[in-house]
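Have a look at the structure below before the remarks.
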Amino acid sequence: KNEVEQSPQNLTAQEGEFITINCSYSVGISALHWLQQHPGGGIVSLFMLSSGKKKHGRLIATINIQEKHSSLHITASHPRDSAVYICAVVMYSGGGADGLTFGKGTHLIIQP
Amino acid sequence: NAGVMQNPRHLVRRRGQEARLRCSPMKGHSHVYWYRQLPEEGLKFMVYLQKENIIDESGMPKERFSAEFPKEGPSILRIQQVVRGDSAAYFCASSLAGALRTGELFFGEGSRLTVL
């Protein structure tokens, strides 16, 4: 079982719909990142969370540390939001690895 | 302020050749991370470096792979005697000192290695 699970794996929606992507993890973490990757392109960091909720434009990210769960929401979705959304956690490591553990990503397609 | 710069963006090598991937972090960032994305798989941590130091290489394959981040110049990920299974996208990210747990992470555009 992966330490970071995302759902759904694939999501196709119509322009304007409200989108929710979920991320669950099974280990203690100090932070969680949401990343966006366009096909053949680079990776952009959208949010870094350690508690609560953050909002940037039409994107909202929430995290519940007790339930080991985070969600990424997109309001008024647009075709340009089509991308792979990746959840990544920074595990408590006591001075060891400072890298990220990634989910496999959610492939989002927004149709006009 | 230029972002994280990776080159080459695309690299084709034949089996047995060497691949060198370069990463220049954002200005002022002294922490560099390398990740590998295999086709149809998620990103995997490879190595975490600071200037002239390897902090954690627990994600690096034991053989053929090495990384460095010299005092001057970019970080380099080196793959010797490449095999077809090394074909992947290799991403570099940088952060401010000690900021991975508290700050934003900046990624490069990636270097896509194809081994023939």
Side-chain angles (χ1 to χ4, degrees), chain A residues 1-7 9-10 21 23-25 27-52 54 56 59 61 63 65 83-107, chain B residues 2-10 23 26 29-50 53-60 67 69 77 88-112 114:
Chain A
K1 188 179 189 309
N2 292 330
E3 291 166 318
V4 181
E5 295 278 356
Q6 286 187 237
S7 63
Q9 289 185 351
N10 299 284
I21 298 170
C23 176
S24 297
Y25 50 92
V27 295
I29 69 168
S30 57
L32 181 145
H33 292 256
W34 280 103
L35 310 170
Q36 180 192 56
Q37 183 179 23
H38 285 282
I43 297 170
V44 174
S45 177
L46 299 174
F47 295 103
M48 196 284 297
L49 294 160
S50 54
S51 65
K54 286 190 177 179
H56 181 67
L59 301 178
I63 188 168
I65 296 292
V84 176
Y85 292 85
I86 301 168
C87 170
V89 300
V90 184
M91 293 190 288
Y92 283 120
S93 58
D98 211 34
L100 295 167
T101 299
F102 298 84
K104 290 194 173 182
T106 294
H107 294 248
Chain B
V4 177
M5 305 298 292
Q6 288 189 248
N7 68 82
R9 291 289 309 278
H10 299 275
C23 170
M26 283 190 71
H29 287 191
S30 59
H31 293 227
V32 165
Y33 312 85
W34 284 93
Y35 302 93
R36 178 165 65 173
Q37 187 177 44
L38 291 166
E40 306 303 320
E41 291 190 23
L43 288 152
K44 301 285 187 194
F45 167 76
M46 297 184 76
V47 63
Y48 164 37
L49 308 108
Q50 295 179 25
N53 285 303
I54 297 174
I55 306 303
D56 192 303
E57 55 182 349
S58 57
M60 290 277 271
F69 189 14
L77 180 67
Y90 292 84
F91 287 92
C92 169
S94 74
S95 68
L96 287 170
L100 181 57
R101 286 185 170 85
T102 59
E104 195 172 357
L105 195 62
F106 294 86
F107 283 83
E109 293 284 314
S111 291
R112 283 154 180 85
T114 301

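Below, chains carry the letters A, B, ... as their sequence lines are ordered, and counting in each starts from 1.
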Counting heavy-atom pairs under 4.5 Å with chain B, the top scorer among V44(A), V4(A), V84(A), I43(A) is I43(A)

Under 4.5 Å to a heavy atom of chain B? For I29(A) that would be neither

Honestly, the part of L32(A) sitting under 4.5 Å from a heavy atom of chain B is neither

Mutual orientation of the aromatic rings belonging to Y33(B) and Y48(B) [parallel < 30°, tilted 30-60°, perpendicular > 60°]: parallel

Discussion item. Which label fits Y35(B) and F107(B): parallel for a plane angle under 30°, tilted from 30 to 60°, or perpendicular past 60°?
Written reply: tilted

- Report the C-alpha separation of C92(B) and V32(B) in whole Å, then their side-chain angles, then the decisive distance to 0.1 Å, and conclude whether the side chain to side chain contact (heavy atoms under 4.5 Å, CB included) test is met. CA-CA 7 Å; C92(B) 169; V32(B) 165; 3.8 Å; yes

Check your understanding: Would Y25(A) and I63(A) count as a side chain to side chain contact (heavy atoms under 4.5 Å, CB included) if you check the C-alpha gap in whole Å, the side-chain angles of each, and the deciding distance to 0.1 Å?
Key -> CA-CA 11 Å; Y25(A) 50 92; I63(A) 188 168; 3.8 Å; yes

The interface call for Q37(B) against chain A, heavy-atom contacts under 4.5 Å, is side chain

